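Keep in mind that what you see is a predicted model, and the values were worked out from it rather than measured. Residues: numbered from 1 along the sequence shown. Atom set for the values below is all heavy atoms of this structure, side chains included, hydrogens, waters and symmetry mates excluded.
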Amino acid sequence: MGEFELIQRYFLPLAGQQKSRSLILGPGDDCAIQRIPAGRDLVFSVDTLVEGVHFPRNYRPDYLGWRALAVAASDLAAMGADAECFTLAVTMPEADEQWLAGFARGLSRASKAFGMALAGGDTTSGPLTLTLQVHGTVEQGTAIRRSGARSGDLVAVSGTLGDAGAALDYLNEASPSPHVAAVLDRYHSPRPRLALGSAVRGIASAAVDISDGLLADLGHILEASEVGARIDSARLPVSMPLKRLKGDAALDFALRSGDDYELCLTIPAERWKNAPDEIRKQLSVIGTVESRPGLFLDGKPCGGDTGFDHFRSRR
Ligand code: ADP
Ligand code: MG
């Protein structure tokens with residue numbers, strides 16, 4: 001099967017099934033065309049996933065298809081952007097039809113779930129690597145940046161933390177218990193907080209998605225905003241399966257492990273008080289932004305967690 005046949009069979013059908021408001025020409029020409037409505041900003045980001053670095057070797061292709069778009073779309077959620085479309089560059093060692101069918105199936109599910117149309121891409125041979133560029137839009141000037149946190153703002157996180165990181169210990173489990181299955185699901189099927197991100201536009205002062213761990217990613221907000229924060233370990237949202245599996249170590253997973261793709265936000269206290277219930281119930285307040293620099297957990301300094309660095313050993 002040649003390159004063009006492969007694109008035709010596995011990727012073009014996927015492009016046809018999900019429309020985006022702003023994408024006016026999808027794959028097939030030299031470029032795609034996106035029309036940004038007057039008064040909106042284009043918000044975009046690119047992410048690369050390399051086999052053996054970002055996902056395990058021989059990883060299930062349908063999981064990979066979902067995961068690739070989910071982790072890229074999570075950056076749009078962190079900016080409060082409305083997701084629109086994406087491009088996909090696939091590098092793979094060979095045209096394995098079974099692999100391609102699985103990959104396209106997972107990607108297609110994600111494309112529909114997130115309302116993001118495939119706009120185009122590139123297909124090449126080489127070591128398995130995926131690069132996705134994601135496009136979203138916001139009303140002009142309303143994207144949520146990392147730099148907007150101010151002293152007195154509350155620190156909040158969505159969902160529960162640490163589950164996906166704990167899943168790494170069980171990736172090869174043949175018949176997982178219900179608790180193990182629950183954390184594995186968080187790793188294999190991350191759900192980017194797109195609706196929440198859009199909903200907190202105009203409410204959150206800063207936001208980041210938690211890909212490297214809470215301490216590391218909150219640290220990015222504090223650095224960009226030139227502030228500090230204190231957080232309270234008792235208020236960290238930890239799931240029942242994680243508590244059962246990891247006992248006292250669950251807290252450490254919630255603080256330091258990545259791959260959850262939840263949001264960490266800062267919100268002025270007044271806006272939090274007046275926020276709709278629909279938003280409040282998706283978030284846990286875990287601390288407060290302070291002018292004193294540094295990150296403090298239960299009163300003790302705990303900063304300096306810089307997250308994953310491809311060119312240094314981890315922490
Ligand atoms: P060009 O050589 O002009 O860059 P290509 O041969 O790379 O064009 O691609 C032809 C068309 O197929 C383009 O519209 C491109 O967007 C689309 N395409 C190629 N690979 C993919 C893919 N993996 N997913 C979606 N569209 C793709
Ligand atoms: Mg061309």
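- With no hydrogens or angles considered, a side-chain donor-acceptor pair links Ser108 and Gln17 at under 3.5 Å.
- Ion pair Asp248/Lys243 not flagged as a salt bridge, since none of the NZ, NE, NH1 or NH2 atoms sits closer than 4.0 Å to an Asp/Glu carboxylate oxygen.
- Here the straight-line distance linking atom CG of Asp122 with atom CZ of Phe11 works out to 11.0 Å at 0.5 Å rounding.
- Geometrically, Arg67 does not engage Tyr63 in a cation-pi contact, judged by NZ or CZ lying under 6.0 Å from the ring centre and within 45° of the ring axis.
- One distance of note links NE2 of His135 with OG1 of Thr87; it measures 6.0 Å at 0.5 Å rounding.
- Val200 and Tyr261 fall into different hydrophobic clusters, where Ile, Leu, Val, Met, Phe, Trp and Tyr are joined by side-chain heavy atoms under 4.5 Å apart, directly or via other members.
- Annotation: Glu3, atom CD; neighbour count of heavy atoms from other residues, nucleotides and ligands within 6.0 Å is above 12.
- The number of heavy atoms from other shown groups lying within 6.0 Å of CD (Glu51) is above 12.
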Full working for salt bridge (charged side-chain N to carboxylate O under 4.0 Å, His left out) between Arg191 and Asp185: CA-CA 10 Å; Arg191 294 166 187 80; Asp185 178 63; 3.0 Å; yes
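- Residues passing the salt bridge (charged side-chain N to carboxylate O under 4.0 Å, His left out) test with Asp163 are Arg186, sequence neighbours excluded.
- Between atom CG of residue Leu130 and atom OG1 of residue Thr48 there is a gap of 8.5 Å, rounded to the nearest 0.5 Å.
- A 4.5 Å side-chain heavy-atom check between Leu263 and Val157 finds every atom pair outside the cut-off.
- With rounding to the nearest 0.5 angstrom, the CG atom of Leu222 is 11.0 Å from the CG atom of Asp217.
- A heavy-atom distance below 4.5 Å is not found between the side chains of Leu23 and Glu84.
- Residues Ala73 and Leu194 come closest through the heavy atom pair O-CD2, 3.6 Å.
- Side-chain contact between Leu49 and Val71: present, with at least one pair of heavy atoms (C-beta onward) separated by less than 4.5 Å.
- Salt-bridge annotation for Asp252 and Arg256: present, with a side-chain N of the basic residue lying under 4.0 Å from a carboxylate O of the acidic one.
- A salt bridge between Asp82 and Arg40 is present, with a side-chain N of the basic residue lying under 4.0 Å from a carboxylate O of the acidic one.
- Considering only heavy atoms from C-beta on, Leu295 comes within 4.5 Å of Leu215 through its side chain.
- Atom CG of Leu218 and atom CD1 of Ile231 lie 6.0 Å apart (nearest 0.5 Å).
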Test salt bridge (charged side-chain N to carboxylate O under 4.0 Å, His left out) applied to Arg146 and Glu223, step by step: CA-CA 9 Å; Arg146 294 178 176 184; Glu223 195 178 340; over 6 Å; no
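- With ring centers used as reference points, Tyr170 lies 6.0 Å or more from His179.
- Across all their heavy atoms, Asp41 and Gly141 have their closest contact at OD2-N, 2.7 Å.
- Residues Tyr10 and Met1 form a side-chain contact, since some pair of their non-hydrogen atoms from C-beta on lies under 4.5 Å apart.
- Side-chain atoms of Ser147 and Ser225 include no donor-acceptor pair closer than 3.5 Å.
- Taking the salt bridge (charged side-chain N to carboxylate O under 4.0 Å, His left out) definition, one finds that Glu290 meets it with Arg230, Arg292, sequence neighbours left out.
- Looking at Arg60 and Asp62, a side-chain N of the basic residue comes within less than 4.0 Å of a carboxylate O on the acidic one, giving a salt bridge.
- Ser158 and Gln282 share no donor-acceptor pair across their side chains, judged by distance under 3.5 Å alone.
- The pair Asp153-Arg271 fails the salt-bridge criterion, with no side-chain N (NZ, NE, NH1 or NH2) lying under 4.0 Å from an Asp/Glu carboxylate O.
- In this structure, Met79 and Arg201 have side chains that are not in contact, with every pair of non-hydrogen atoms separated by 4.5 Å or more.
- The minimum heavy-atom distance linking Val43 with Ala143 is given by the pair CG2-CB, 4.4 Å.
- Note on ring orientation: taking the six-membered ring where Trp is involved, the planes of Phe55 and Tyr59 are tilted (angle from 30° to 60°).
- Under the 4.5 Å side-chain heavy-atom criterion for grouping Ile, Leu, Val, Met, Phe, Trp and Tyr, Leu118 is connected to Met116 within one hydrophobic cluster.
- Considering only heavy atoms from C-beta on, Leu107 stays 4.5 Å or farther from Trp66 through its side chain.
- Taking all atoms of both residues into account, the shortest heavy-atom contact from Cys302 to Leu297 is SG-CB, 3.5 Å.
- Two residues are said to be in side-chain contact when any heavy atoms from C-beta on lie closer than 4.5 Å; Leu245 and Val183 meet this criterion.
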